[in-house]
Amino acid sequence: QLQLVESGGGLVQPGGSLKLSCAVSGANLGNRAIGWFRQAPEKEREGIACISSGDADATTYYADSVKGRFTISKDVAKNTVYLRMNTLRPEDTAVYYCAVEDPLGVLPVAVMCKTAHDFGVWGQGTQVTVSS
């Protein structure tokens, strides 16, 4: 059974950093795309960072809202994906979810991230609060 477990959220001051982790069981990240999404109160869910299947040749997509501040990476051997978040802002406050491609599709990772299409299994979410 495919399962995802996020960790690493918390309270951080503006300008600070956090690193989220998402451990995947029941699937190999070498052949599945995986991404990070977030949802703030009264806002739509946003796909912020996604990484394609593959390992060293994986491609990434970032939403404009996080480009240059957030970095997605994965360790295929550990079946874990990470989201390094730097220069955090109050508007980054949200519940952050990881999601994995299931079933396997053919869409480019950017399209998948913008639409959440083909991301069929989701974690439980972890709260990130940016406040002084």
Side-chain angles (χ1 to χ4, degrees):
Q1 184 178 0
L2 210 163
Q3 290 185 321
L4 289 71
V5 178
E6 302 105 333
S7 61
L11 173 65
V12 62
Q13 292 187 342
S17 298
L18 276 177
K19 185 175 182 179
L20 305 183
S21 300
C22 175
V24 180
S25 59
N28 183 347
L29 284 186
N31 59 20
R32 293 176 189 262
I34 189 164
W36 288 96
F37 297 77
R38 68 184 181 186
Q39 187 160 23
E42 301 182 357
K43 290 191 176 181
E44 291 189 357
R45 183 180 61 193
E46 178 186 19
I48 57 171
C50 297
I51 188 165
S52 70
S53 59
D55 196 349
D57 58 340
T59 58
T60 56
Y61 163 84
Y62 295 95
D64 288 343
S65 57
V66 306
K67 198 174 295 182
R69 300 186 299 123
F70 290 12
T71 302
I72 187 171
S73 62
K74 63 179 177 179
D75 186 328
V76 174
K78 294 182 178 179
N79 241 18
T80 301
V81 65
Y82 306 97
L83 185 68
R84 178 67 178 179
M85 305 185 292
N86 295 328
T87 320
L88 283 160
R89 306 166 179 167
E91 54 264 39
D92 293 318
T93 296
V95 178
Y96 285 69
Y97 300 89
C98 64
V100 70
E101 182 182 9
D102 185 67
L104 300 184
V106 298
L107 293 174
V109 69
V111 174
M112 293 177 65
C113 214
K114 292 174 185 177
T115 64
H117 199 281
D118 285 343
F119 282 111
V121 180
W122 294 71
Q124 81 285 356
T126 185
Q127 176 72 44
V128 172
T129 302
V130 184
S131 175
S132 54

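As the structure is a computational prediction, the values presented were derived from the model and not from experiment.
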Under 4.5 Å between side-chain heavy atoms, counting indirect links through other Ile/Leu/Val/Met/Phe/Trp/Tyr residues: same cluster for [X] and [Y] or not?
X: Leu20; Y: Leu4; result: yes
X: Trp36; Y: Leu2; result: yes
X: Leu18; Y: Phe70; result: yes
X: Val12; Y: Leu83; result: yes

Among Ile, Leu, Val, Met, Phe, Trp and Tyr joined by side-chain contacts under 4.5 Å, find the other residues sharing a cluster with [X] and list them by chain and number.
X: Val5; value: none
X: Met112; value: Phe37, Val95, Tyr97, Leu107, Val111, Phe119, Trp122
X: Tyr61; value: Val109

Query - Sidechain-backbone polar pair: Asp92 side chain, Pro90 backbone, donor-acceptor under 3.5 Å - result: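 No; judged by distance alone, with no hydrogens or angles, the pair does not exist.
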Report task. State whether the side chain of Arg84 and the backbone N or O of Thr71 hold a donor-acceptor pair below 3.5 Å, judged by distance alone. Result ->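 A pair under 3.5 Å: no.
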Which heavy atom in [X] sits nearest to a heavy atom in [Y], and how many Å separate them?
X: Lys74; Y: Gly54; result: NZ-O, 2.7 Å
X: Tyr96; Y: Ile48; result: CE2-CD1, 3.5 Å
X: Thr80; Y: Ser21; result: CG2-CB, 4.4 Å
X: Ser52; Y: Ala58; result: OG-CA, 3.4 Å

Requested in this report: Tell me yes or no: between the side chains of Ser53 and Asn31, is some donor less than 3.5 Å from an acceptor?
Outcome: no
Query raised in the report: Is there a donor-acceptor contact under 3.5 Å linking the side chains of Ser65 and Glu46?
Result: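 Judged by distance alone, the side chains do pair up.
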Query - Results of side chain to side chain donor-acceptor pair (under 3.5 Å) for Lys67 - residues two or more places apart only - result: Asp64
Heavy-atom check, side chain of [X] versus side chain of [Y], under 4.5 Å:
X: Arg32; Y: Val24; value: no
X: Ile72; Y: Tyr62; value: yes
X: Asp75; Y: Leu29; value: no
X: Met85; Y: Val66; value: no

Atom [atom1] in [X], atom [atom2] in [Y]: separation rounded to 0.5 Å?
X: Gln39; Y: Glu44; atom1: CD; atom2: CD; answer: 8.5 Å
X: Asn79; Y: Asn28; atom1: CG; atom2: CG; answer: 5.5 Å
X: Leu88; Y: Arg69; atom1: CG; atom2: CZ; answer: 6.5 Å

Report summary line: The complete set of disulfide bond (SG atoms under 2.5 Å apart) pairs with one or both residues in residues 68-119, sequence neighbours excluded, reads Cys22-Cys98, Cys50-Cys113
Please report, to 0.1 Å, the donor-acceptor pairs under 3.5 Å made by any side chain of residues 124-131, with sequence neighbours excluded.
{"unit_1": "Gln124", "atom_1": "NE2", "unit_2": "Glu6", "atom_2": "O", "d": "3.3"}
{"unit_1": "Gln124", "atom_1": "NE2", "unit_2": "Glu6", "atom_2": "OE1", "d": "3.4"}
{"unit_1": "Thr126", "atom_1": "OG1", "unit_2": "Gly9", "atom_2": "N", "d": "3.3"}
{"unit_1": "Gln127", "atom_1": "NE2", "unit_2": "Ala94", "atom_2": "O", "d": "3.4"}
{"unit_1": "Gln127", "atom_1": "NE2", "unit_2": "Thr129", "atom_2": "OG1", "d": "3.3"}

